[in-house]
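Note sheet for the following structure.
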2 protein chains.
Amino acid sequence: MGVGGAVRGERRDAVESRRKVLGAARRLFEERGVDSVSMHEIGRVAGVGQGTLYRRFEHKGALCSALLGEEIEAFQDESRRRIGSRGTALGRLKWFLGRLAKFNEENAPLLGAVRDAAGGDRRIEMHRNPFYEGLREIVAGLLREASEEGEIRPGLDAECVADTLLAALNIDLYLYQRRELEMTRERIVDSLRSVVDGLRVPGE
Amino acid sequence: MGVGGAVRGERRDAVESRRKVLGAARRLFEERGVDSVSMHEIGRVAGVGQGTLYRRFEHKGALCSALLGEEIEAFQDESRRRIGSRGTALGRLKWFLGRLAKFNEENAPLLGAVRDAAGGDRRIEMHRNPFYEGLREIVAGLLREASEEGEIRPGLDAECVADTLLAALNIDLYLYQRRELEMTRERIVDSLRSVVDGLRVPGE
DNA sequence: TTGATAAACGGACAATCGTCCGTTAACATC
DNA sequence: GATGTTAACGGACGATTGTCCGTTTATCAA
């Protein structure tokens, strides 16, 4: 997903519509919250019809994903930089999980809306999308690396454990822990890091 | 949630409406799948109006929860029995996680529908409900017990780790792993159990 | 049995999502 | 600059969810 949601090869009017829609959505979401703004209203304020709106963004979740574009880019850039640097694989993994919690914190409303739109037929979009697949690849990659370095127990299922660690930071649970249970971000991250520590080879 | 969704103190016609709705829903869901049956259709087939339908069941998710009632009861009974029996706390925890995966497997469509209905304003219902709270209490309880017995590292955050272990079996991820990634249930459960093993005290 | 009352009923209605399709306009080609 | 093709536009429309409210009926006490 490019910055600003730009897409190669779009006609000029299409680019303009996309820009207007994203602008209207961003403003309305800020004013009244993501949940209480309807797609019709976004179209009306943006000055485009429903057909146009839905041609650009398949559904509200896709629109929210596009709005997240820049944040995601920044998150991924920082992550790639940091993960490419020195340090143990497990150390970098722990850092990454903390960074992901911060990303949750900073983008909770849009992330929630993305999740809400991914039900029924669109259930798989929750996980089969470039963002989640990127997260998964990073975590699984670090786990494999840690395994090769002998940092963690051999025989661990990197892919499956990656899904588990990421599930611990899914937006629903995160918001429940933060808002309902009033856990701090630090507590959540520390706990998850203690689980990661359990992957280490015993007695070392 | 009582068997059959019965509720104390309901008027006779209310009980009858509830029964008719649950019966119609069960049949329609079986015939055509949960997602492609509308609430209006359930009302029509059950022979009750919309007002009645929504008075009995606040939303489609609540209706699906009620349909899950007996399954949940059986699951909880078996769990309580087994968890009250002998064995290490960690061993019982591992059994429980496997049993929960089986519960997911057997009730995927309804669980998915319950999740779908829990968005926006109803986000917290995903976790703040008797079923999830029961799961959480069981897992956290076993972790505390394991901690007291010296089976697992001291200082672990039982509540937070419980949420993490349960998140690994949330229905969205579970269906993604099973259907998209084509992982077996055994693989998923084994992986999670290996994470649980990481909680043990080192070198024992 | 009758009458009061509170709960339940039912269907119209409002809101929202997402689709469809006839119309319009960008852009490449001549 | 004229023209044809193809994508984009826009708003009506269908489907679904969930609410509202006037009407009906179960229940209980006299």
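Lettering follows sequence order; numbering is per chain, from 1. The structure presented is a predicted model; accordingly, all values stated were derived computationally and were not measured.
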Within residues 30-51 of chain B, residues whose heavy atoms come under 4.0 Å of DNA chain D: B/Ser38, B/Met39, B/His40, B/Gln50, B/Gly51

Pairs satisfying ring pair (Phe, Tyr, Trp, His ring centres under 6.0 Å), at least one member in residues 79-116 of chain A, at least two apart: A/Phe75-A/Phe96, A/Phe75-A/Phe103, A/Phe103-A/Phe131

Test side-chain contact (heavy atoms from CB on, under 4.5 Å) applied to B/Asp197 and B/Lys94, step by step: CA-CA 9 Å; B/Asp197 276 325; B/Lys94 286 186 183 180; 2.7 Å; yes

Pick out the pairs of N or O atoms, protein on one side and nucleotides 25-30 of chain C on the other, that lie under 3.5 Å.
{"residue": "C/dC27", "atom": "OP1", "partner": "A/Arg12", "partner atom": "N", "Å": "3.0"}

Taking C-beta and beyond as the side chain, do [X] and [Y] meet within less than 4.5 Å on heavy atoms?
{"X": "A/Leu111", "Y": "A/Arg115", "result": "no"}
{"X": "B/Leu143", "Y": "B/Leu156", "result": "no"}
{"X": "A/Ser194", "Y": "B/Arg153", "result": "yes"}

Quiz item: cation-pi between B/Arg18 and B/Phe57, 6.0 Å / 45°: yes

Atom pair OG/CD of A/Ser191 and A/Glu186 - distance to nearest 0.5 Å: 12.0 Å

Between NE2 on residue A/His59 and CE on residue A/Met39, distance to nearest 0.5 Å: 9.0 Å

Outermost DNA chain D nucleotides near chain B [under 4.0 Å, heavy atoms]: D/dT16 to D/dT27

A/Lys60 side chain vs A/Val37 backbone, donor-acceptor pair below 3.5 Å: yes

Residue met sooner reading DNA chain D from 5', once B/Glu58 and A/Arg56 are mapped to nucleotides: A/Arg56

Within residues 115-125 of chain A, residues whose heavy atoms come under 4.0 Å of DNA chain C: A/Arg122

Distance below 4.0 Å between A/Tyr54 side-chain N/O and C/dT19 OP1 or OP2: no

Candidate pair A/Ile124 and A/Arg128, rule side-chain contact (heavy atoms from CB on, under 4.5 Å), full reasoning: CA-CA 6 Å; A/Ile124 62 170; A/Arg128 200 167 66 182; 3.3 Å; yes

A/Glu180 side chain to B/His127 side chain, donor-acceptor N/O pair below 3.5 angstrom: no

Derivation and outcome, side-chain contact (heavy atoms from CB on, under 4.5 Å), residues A/Asp190 and B/Asp157: CA-CA 9 Å; A/Asp190 282 351; B/Asp157 186 333; over 6 Å; no

Contact list for residues 161-170 of chain B, test salt bridge (Lys or Arg N to Asp or Glu O under 4.0 Å), sequence neighbours left out: B/Arg136-B/Asp163

